Amino acid sequence: MANTRLLQLEDETTIANASKRLGMPRREFLQFCATVAAGLGLPPGAEAAVAEAVASKKRPSVIWLHFQECTGCTESLLRAEHPTLERLILDVISLDYHETLFAAAGHQVEQARKTAMAENRGAYLLVVEGAIPTRDGGIYCKVGGQTAIELTKECAADAAAVIAIGSCASWGGMPSTAPNPTGSSGVADVLGKAVATIPGCPPNPYNFLATVVHFLTFGALPPLDDQGRPKFAYSRLIHENCERRAHFDAGRFAMQFGDEGHRKGYCLYKLGCKGPETYANCPTALFCDARAGTWPVGCGHPCIGCTEQGVGFSKPIHMLAKVKNVEPPQQYPRIVEEQGVGATLGSASLLAAVAGAAAGAGAMVARNLGLSHQAEEAQRARAEGEKTEVRDAYRDT
């Protein structure tokens, strides 16, 4: 059923202005708000609140820092389509500092950051992309003469919320793998407090967008799990929503890349897929707005567990995952079972004879059980009669 309140907003001037500003038809804008609300798991009626917030509230100021990373998180954001990047940073949020996307450079960029922080003290969002090196005082990453540690602490001091985007910022990611020569760490470890984390290598841009829209609508981040991940995106195992799950349950696995099972889309568990122990919405949110199959497993590569600390960049790709919800059976049927030739007249006759014998045996057992029960009852009656005679004889004496 369509949300009545949401449809009533269609004719309001603020909605018309917002849809025009975002370059989207009004119905498409309202559909976008409804999709974001549904993705966040918000109750009915929240769609209208999201639409009103995006249309009328002041855009949140965003300070985006870059440290030890490949810029994959930003590259992922560049490919968002609903809304597109330029609409996102100019009309949904106010991206006031971003080293990769800024036209300016040097002291001008750093001045823009300090100005945005001063003008939006206590109200801006701090987004950190990339791990933070901590060894030797953090000298292995500097921006504008400041270490990544100093910049993070300075910007986080007056931020309304801190978001670590990508696996590197969430817990250290690839830069923190052994031997970790620079002491790469996640944002939470450097700040010494919990932050919102949106892991992934790269993460889905809509997980970030939905988190920002939730903050814009309600003035707070969405509910988070014990690792700081938004529950709307990281509360279900990839394995639960994978399009290859039916093959897993049936015991159909690709054994090598390019073999018959791999070409037929069989489960990639035995090729090291970490979906059974990784929480993320990759199979449902997908990537790059290119429709079905646009995620690693859909494209034929095992999940590497990049959203899960202790799995991604820790376990070798070929290592089997620990299945967290359903342990696989010890034995599976073969991928291609041999087909029978059907019943012959002789085998059908033999089966009928066996069935008849079984039925006859069953009838005899039932009859014998009935006779046995009758005999027991007669013996019990005789015993009771003998006891009565003994009592009468004793009474007469």
Side-chain angles (χ1 to χ4, degrees), residues 68-70 72-73 75-76 131 166-180 184 186 197-204 207 225 227 229 233-288 290 292-337:
Q68 286 182 311
E69 38 80 35
C70 64
C73 302
E75 290 291 339
S76 177
S167 300
C168 298
S170 295
W171 72 79
M174 183 178 289
S176 68
T177 56
N180 192 5
S184 299
T197 61
I198 303 180
C201 191
N204 193 300
N207 292 341
D225 66 9
Q227 296 184 36
R229 301 175 297 189
Y234 299 94
S235 61
R236 303 291 295 273
L237 286 168
I238 285 177
H239 188 56
E240 296 178 21
N241 293 310
C242 178
E243 63 259 39
R244 298 175 187 254
R245 173 62 188 269
H247 292 299
F248 175 90
D249 293 336
R252 294 188 290 264
F253 300 98
M255 305 304 293
Q256 295 181 8
F257 287 101
D259 68 7
E260 182 181 11
H262 190 253
R263 293 194 301 272
K264 288 184 176 180
Y266 287 175
C267 178
L268 304 178
Y269 172 75
K270 292 193 176 181
L271 292 180
C273 182
K274 303 303 187 293
E277 58 180 335
T278 301
Y279 291 87
N281 60 351
C282 300
T284 54
L286 305 178
F287 288 83
C288 302
T294 52
W295 69 294
V297 175
C299 296
H301 192 282
C303 165
I304 66 170
C306 67
T307 64
E308 201 71 31
Q309 185 175 7
V311 178
F313 316 113
S314 297
K315 287 189 174 182
I317 293 179
H318 65 272
M319 182 180 291
L320 294 183
K322 176 177 176 56
V323 182
K324 288 189 175 181
N325 56 355
V326 179
E327 292 289 347
Q330 294 298 315
Q331 295 181 347
Y332 288 105
R334 287 172 291 182
I335 292 177
V336 180
E337 289 292 338

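Because the structure is predicted, anything quoted here is derived from the model rather than measured.
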Check side-chain contact (heavy atoms from CB on, under 4.5 Å) between Gln227 and all other residues, then give those that pass, not counting sequence neighbours.
Asp225, Arg229, Glu308, Gln309
Is the closest side-chain heavy-atom distance between Cys242 and Trp295 below 4.5 Å?
yes
Side-chain heavy-atom pair Leu271, Phe253 within 4.5 angstrom cut-off:
no
Looking only at heavy atoms, the pair that brings Gly298 and Glu243 closest together is CA-OE2, 3.3 Å
Rounded distance [0.5 Å steps], OG in Ser176 versus CD in Gln68:
9.5 Å
Between Pro199 and Pro203, what is the shortest heavy-atom contact and its length?
O-CB, 3.6 Å
Could you tell me if the side chain of Met255 sits less than 4.5 Å from the side chain of Lys270, heavy atoms only?
yes
Do you know the tightest heavy-atom contact between Gly300 and Phe257?
O-CE2, 3.9 Å
Quick one: are Tyr234 and Asn207 in side-chain contact, heavy atoms under 4.5 Å?
yes
If I compare all heavy atoms of Cys273 with all of Pro276, which pair ends up nearest, and what's the gap?
O-CD, 3.5 Å
Thr177 (side chain) donor-acceptor with Met174 (main chain) under 3.5 angstrom
yes
Heavy-atom check, side chain of His262 versus side chain of Leu268, under 4.5 Å:
yes
Could I get the full list of side chain to side chain donor-acceptor pair (under 3.5 Å) partners for Glu69, not counting sequence neighbours?
His66, Thr71
Is the backbone of Cys306 close enough, under 3.5 Å, to the side chain of Lys274 for a donor and an acceptor to pair up by distance?
no
Main chain of Leu286, side chain of Thr294: is a donor-acceptor contact present, judged purely on distance under 3.5 Å?
no
For residues His301 and Cys299, determine if any side-chain heavy atom of one lies less than 4.5 Å from a side-chain heavy atom of the other.
no
Among Lys322, Lys324, Lys315, the one residue meeting salt bridge (charged side-chain N to carboxylate O under 4.0 Å, His left out) with Glu277
Lys315
Got a donor-acceptor contact below 3.5 angstrom from the Arg244 side chain to the Gly265 backbone?
yes
With side chain to side chain contact (heavy atoms under 4.5 Å, CB included) as the test, would you mind laying out the steps for Ser235 and Tyr279 before giving the verdict?
CA-CA 6 Å; Ser235 61; Tyr279 291 87; 5.9 Å; no
Of the non-hydrogen atoms in Gly72 and Pro202, which two are nearest, and what is the gap between them?
O-CB, 3.5 Å
Which atoms form the tightest heavy-atom contact between Cys282 and Ile238, and what is the distance?
SG-CD1, 4.3 Å
